[in-house]
Amino acid sequence: MDATRQHFLMCRPTYFAVDYAINPWMDPTAPVDTDLAVRQWERLRQVYRDLGHTVEEITPVPGLPDMVFAANGGTVIDGKAMAVQFRDPQRADEAPAYRAWFEQAGFEMYDPKHVNEGEGDILLAGDHLLAGTGFRTAHASHAQLQEVFGYPVITMQLVDPRFYHLDTALTVLDERTVAYLPEAFSRGSQAVLRRLFPDAVHATMADAEVLGLNAVSDGRHVVLPEQATGLAAKLRERGYQTIGVDLSELRKAGGGPKCCTLRLRQGKASR
Ligand code: ARG
């Protein structure tokens, strides 16, 4: 298995907090240790650097506690960047901040016509764009994604509110394979996943409940929450090298390693 050098965008959780609840993981009355969140995030960034990946950073904005979840900042494929439109007003101001970053970085910009939470719901798997809907990203945005990027878009219906973004229920391992929690999807979407990925790794609820599927793979190394021990063992059996990270503070907002990481795909060569 070959590892592909990755180019990532991340946002330091300087202003991380759980001030509101827009998913079932968030409890604004529970304490959050922002310094610990920063240390856990720095460790994730170090893991990427040690793997030879490039990490770009966007400046965090005060008053936007969820901005650390860079995956929701956009969808970037073949040098094109689609900006986002959040479902919830609490995150709305993140969209222009990320948009400005893509623009100064020289990406060809596209603006969303409907709710679209970026790579939280839109995952490139080989030559298909898997697009989640049901909680955040609107189904109507899937047609726009197909027009902009020119990849066939496959709609994935999410049915469990704990797995509200596609990247909490499914992880792309390489060009051919994914890992996912079948129960997080409608029956029809489960059938589509079986058809597209007959060799997929099926995760258990225990692994999904620690956000184990919120993982980042370079085709060979899979960075995932260290608490997801069952999934890690299954991935090693398949020949992947797993690297566990502890993002327990960020999990209080419903996020893991993938949520903190936006893939920047400059062009076809670095897809
Ligand atoms: N609190 C954030 C929200 O509910 C978490 C986002 C996690 N990001 C992700 N890509 N799943 O929007």
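Ligands are counted one by one from 1 in listed order, and the atoms in each one are counted from 1 as well. Quick caveat: nothing in here was measured; it's all calculated off a predicted structure. Nothing fancy with the numbering, it's 1 onward along the sequence.
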Practice task
For T54, check side chain to side chain contact (heavy atoms under 4.5 Å, CB included) against everything at least two apart and list the hits.
Solution key: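 H7.
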Handout entry: For E117, the option from R91, H165, Q85 that meets side-chain hydrogen bond (donor to acceptor under 3.5 Å, both in side chains)
Key =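 Only one option passes, and that is H165.
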Could you list each nitrogen or oxygen of ligand 1 that sits under 3.5 Å from a protein nitrogen or oxygen, with the atom names and the distance?
unit_1   : atom_1 : unit_2 : atom_2 : d
ligand 1 : 1 (N)  : D66    : OD1    : 3.1
ligand 1 : 1 (N)  : D66    : OD2    : 2.9
ligand 1 : 1 (N)  : A253   : O      : 2.9
ligand 1 : 4 (O)  : N23    : ND2    : 2.7
ligand 1 : 4 (O)  : R136   : NH2    : 2.8
ligand 1 : 8 (N)  : N72    : OD1    : 2.9
ligand 1 : 10 (N) : N72    : ND2    : 3.4
ligand 1 : 10 (N) : D167   : OD1    : 3.4
ligand 1 : 10 (N) : D167   : OD2    : 2.7
ligand 1 : 11 (N) : H165   : ND1    : 2.8
ligand 1 : 11 (N) : D167   : OD1    : 2.8
ligand 1 : 12 (O) : R91    : NH1    : 2.6
ligand 1 : 12 (O) : R136   : NH1    : 2.9

Exercise for the section: Give a yes or no on this: more than 12 heavy atoms of other residues, nucleotides or ligands lie within 6.0 Å of atom CG of D2. Expected result: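 Atom CG in D2 is not packed in, count stays at 12 or less.
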Handout entry: Q104 side chain near W101 side chain, heavy-atom distance below 4.5 Å
Key =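 Result yes, sub-4.5 Å side-chain heavy-atom pair found.
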Practice task
Examine the side chains of H139 and T133 and answer whether a donor and an acceptor come within less than 3.5 Å of each other.
Solution key: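 Side-chain D/A pair, H139 to T133: absent.
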Handout entry: Ring center gap for H202 and Y180 short of 6.0 angstrom
Key =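 Ring centres of Y180 and H202 closer than 6.0 Å.
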